Structure formats: C-alpha cells, structure tokens
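The structure under discussion appears below in the form of structure tokens.
Everything numeric here is computed off the predicted structure, so don't read it as measured data. Every heavy atom of this structure was used, including side-chain atoms; hydrogens, water molecules and symmetry mates were not. In what follows, chains are A, B, ... by sequence order, proteins preceding strands, each numbered from 1.
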2 protein chains.
Amino acid sequence: MISVDAFDLKILTALQDDGRLTNQELAELAGLSASQCSRRRMRLEQEKVISGYHADLSSEALGFGVIAFIQVGLATHSPDNSKRFRALVNRIDEIQEAYSLTGDADYVLKAVLRDLKGLSNLVNDVLMPHQSVAHVRSSIVLDRLKESAKLPLRDLKAG
Amino acid sequence: MISVDAFDLKILTALQDDGRLTNQELAELAGLSASQCSRRRMRLEQEKVISGYHADLSSEALGFGVIAFIQVGLATHSPDNSKRFRALVNRIDEIQEAYSLTGDADYVLKAVLRDLKGLSNLVNDVLMPHQSVAHVRSSIVLDRLKESAKLPLRDLKAG
DNA sequence: ATCCCGTTTGCACGCTCCTTGCGCGTCCGA
DNA sequence: TCGGACGCGCAAGGAGCGTGCAAACGGGAT
C-alpha cells in the first residue's frame, strides 16, 4: 500500500501549488534536507502519487474565448457505442474533460474554443452527426469563479 | 500585445505536457539553444502566458473516491447575494472548479471528495443551508474519460 | 534494559543544468 | 548604404541535483 506521511503531505501540497519548486525550496518548506526531498519526490513519482507536472497556460492570452459544458445523450447504451463515443472524445483536443455521470445526461464534456464559431463547429459538425450520439445540449461559461485541479490535502492523515 | 511565435508555441506545447522539462530538453524539442529557451520561458512567465506550474496528484492514490458536479440556483440574483456565494465557493477547498453558466442553473461546481459522506456533508450541511442558495442538484461522476487542462495549441498561428 | 536490524536522516562530492554577458548575424527603416 | 534593434549561440560562473556513506532513530525480541 502507498504510505504518505506528514513530510510527504507537505511536499505534495507545495508541489501542487508550484510544480517547479527546487528540492532546496522544498526542503525549507518541509523542514527536511534537500537530498531527502529529492528522494521522497522520486518515490512519490514512481508510486504515481504524483502523476505528472504541467504548465498552466492562460486561455485569454492565447485567444481561447469560449468555454462550454456539453451534455451528451448516447443513441444506444451498447458497449460498442460507448466505445465509439469514447474514441471520438479522445481525439478531440478541444475537449479537456469528459465524464460519465449519474442523472439526466450520459456524459458531460468541458470544451475550450477560440470563439462561438468553434463551439458551433464542434457541436453541430462533429458531435451531433456522430453515429453514437443521440442528443446534445451545451451551456456556455459566463464567468470562471475558480479553476484548478488541486486536491484538498489539508486534513489528510498520514498513513 | 503579446506575441507568440512558432518557437514559443513549441515551448508552450512541451511545457503543457511536462512542466519540469529542462531548458536543454526544451532546446532539443524546439530546435533552439538552451539559453534561448530559458529566456523565452522567462518572458512567457512574465507576460503571464504561462500562469504557473503544478504537480498533478493522483486522487485515487490519495483516497479521493468521489467527484461530483453540483448545479446551484441562487436565492436571488442581487449583487450582494452573488458576492456571498462566491465567497462561500472560494473558501471550500473541495470545490476545484466553479463557473456561472448560460442555461438552467446559475452555477456549476466540480467537487472532489473522500467519499459519499463528504459529498452529503458538502451539499446538505454547507451549500443547502447557506442563505445565498435556493436549490442544489448534484451528479456523481461514474467514469473519467479525460481530465486535463491542456489548451488545443495545435493549430495556433504565430502572432 | 539491551541488543539488533531496518529505516530515515544529513552531509559531501561529482556532475548536470541554469542564466547572464558577450559577440555575431540578420532584418528593417532612414 | 548605413545604423540600430533584435534574436541567436557560446561560454563561464554559480546553483541545483542525486548518489554514497555513516550516523541517528525506532521497534521487537531476548
């Protein structure tokens, strides 16, 4: 089993905030030596507790003006059809997140697009015509209150 | 205006995939010298095209078993009430993403929780009783097809 | 208490990587 | 044609990395 103690938690919390922290900076924050942080970080990476590091890019600066949530209902719920839909989702880069959900819709997608034309194109020309899809409904994001992928580690117990 | 050329795009694409790439690795990928990559990276950080770097942690490994989307309708749409709701959302770490949307609900929240008890607690003990909130509806994520924050830079033109 | 053994730690050292200064080539406007 | 601005690679000094090593720690068994 993966075990994560209080030092690991400090390291994880810090790296979640700033993924380019040096081991020395990490050492100060965690109250450990740099070499030890290096070793722990390596272990956490190997055990896939840390699954990767990514730069966060500004969608505004790069001209992505539209974010949308798209609810999708499948035509049939056969395994083949699901598979087709998943393959479709996977090859569309504009779709950042995709989940199957309890409730009304089968799937929810979050897409980032340059403009409304891009959204229209995605919905009307790509998703709607696909054989696996029965019905599509999209909502446009008006305002982003919060957008991160940080886990709430604050109250995690060592173990 | 921010200008991003083909080299910058290669750098951004690479860092979006692996945020801990060294300047030397970047140099190979972009066909540039390491020093130049360092300079460009610094510029992109200063101009906030790169807004930060983050480690991606495994929610499974750390015991977060439940992801939920929560649709929220506000009691009234006064500025004060929105402000109260935003403040609430901001101080709840379990809420990773929060958006105001076109369509039925006023807001959609994405929350990560340890278990269903955690979700119940969030919905019934925190959101529902809050004065700003009129109505709440939650959907639990059954399967994650895709989960990233990568922008589709592929077809971006230099400029 | 005492011993033993596995684990974790800090330190030292050799090596890689980062960043800044510098000189060179290129492009564009005067 | 000339001059300035810009972007480039190179080199060097300094920072950061990770492995080896010995000491400190902790838990169990005697």
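With rounding to whole Å, B/L26 atom CG is found 16 Å from D/dC8 atom C1'. Here D/dG7 presents its C1' atom at 10 Å from CZ of B/F7, a figure rounded to the nearest Å. Rounded to whole angstrom, the span from the CD atom of B/Q24 across to the C1' atom of D/dG9 amounts to 13 Å. Nucleotide D/dC17 holds its C1' atom 15 Å from the CG atom of A/L21, rounded to whole Å. Here D/dC25 presents its C1' atom at 14 Å from CG of A/L32, a figure rounded to the nearest Å.
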What side-chain donor-acceptor pairs closer than 3.5 Å can you find for residues 10-18 of chain B, not counting sequence neighbours?
{"unit_1": "B/T13", "atom_1": "OG1", "unit_2": "B/L9", "atom_2": "O", "d": "2.7"}
{"unit_1": "B/Q16", "atom_1": "OE1", "unit_2": "B/L151", "atom_2": "N", "d": "2.6"}
{"unit_1": "B/Q16", "atom_1": "NE2", "unit_2": "B/L151", "atom_2": "O", "d": "3.2"}
{"unit_1": "B/D17", "atom_1": "OD1", "unit_2": "B/K150", "atom_2": "NZ", "d": "2.6"}
{"unit_1": "B/D18", "atom_1": "OD1", "unit_2": "B/R20", "atom_2": "N", "d": "2.9"}

Review item, side-chain donor-acceptor pairs of residues 30-39 of chain A, under 3.5 Å, at least two apart:
{"unit_1": "A/S33", "atom_1": "OG", "unit_2": "A/S35", "atom_2": "OG", "d": "3.2"}
{"unit_1": "A/S33", "atom_1": "OG", "unit_2": "A/Q36", "atom_2": "N", "d": "3.4"}
{"unit_1": "A/Q36", "atom_1": "OE1", "unit_2": "A/R39", "atom_2": "NE", "d": "2.9"}
{"unit_1": "A/Q36", "atom_1": "OE1", "unit_2": "A/R39", "atom_2": "NH2", "d": "3.1"}

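Annotation: ring-ring contact (aromatic ring centres under 6.0 Å, His included) contacts involving residues 105-127 of chain B, sequence neighbours excluded, comprise B/F85-B/Y107. Sorted by first then second residue, the side-chain hydrogen bond (donor to acceptor under 3.5 Å, both in side chains) pairs that include residues 49-70 of chain B, not counting sequence neighbours, are B/R41-B/Y53, B/E45-B/Y53, B/S58-B/E60, B/S59-B/R144, B/E60-B/R144.
Less than 4.0 Å separates DNA chain D from at least one heavy atom of each of the following residues of residues 35-45 of chain A: A/S35, A/S38, A/R39, A/M42.
Residues meeting the side chain to side chain donor-acceptor pair (under 3.5 Å) test with A/D115, sequence neighbours left out: none. Applying the side chain to side chain donor-acceptor pair (under 3.5 Å) criterion to A/D104, with sequence neighbours excluded, gives B/R137. In this structure A/H130 satisfies the side chain to side chain donor-acceptor pair (under 3.5 Å) test together with A/S132, sequence neighbours excluded. In this view, B/F69 and A/Y99 satisfy the ring pair (Phe, Tyr, Trp, His ring centres under 6.0 Å) rule, not counting sequence neighbours. Under the side chain to side chain contact (heavy atoms under 4.5 Å, CB included) criterion, A/K83 pairs with no residue at all, not counting sequence neighbours.
Relative to the axis of its first five pairs, the axis of the last five pairs of the helix from C/dA1-D/dT30 to C/dA30-D/dT1 sits at 30°, rounded to 10 degrees.
Look at A/R154 and B/E94 and you find a salt bridge, because one of the NZ, NE, NH1 or NH2 atoms lies within 4.0 Å of a carboxylate O, short of that distance. Using a cut-off of 4.0 Å between Lys/Arg side-chain N and Asp/Glu carboxylate O, A/K146 and B/D93 are scored as not salt-bridged.
On the nucleic acid side, DNA chain C contacts chain B at distances under 4.0 Å to non-hydrogen atoms, with the end points of that region at C/dC17 to C/dG21.
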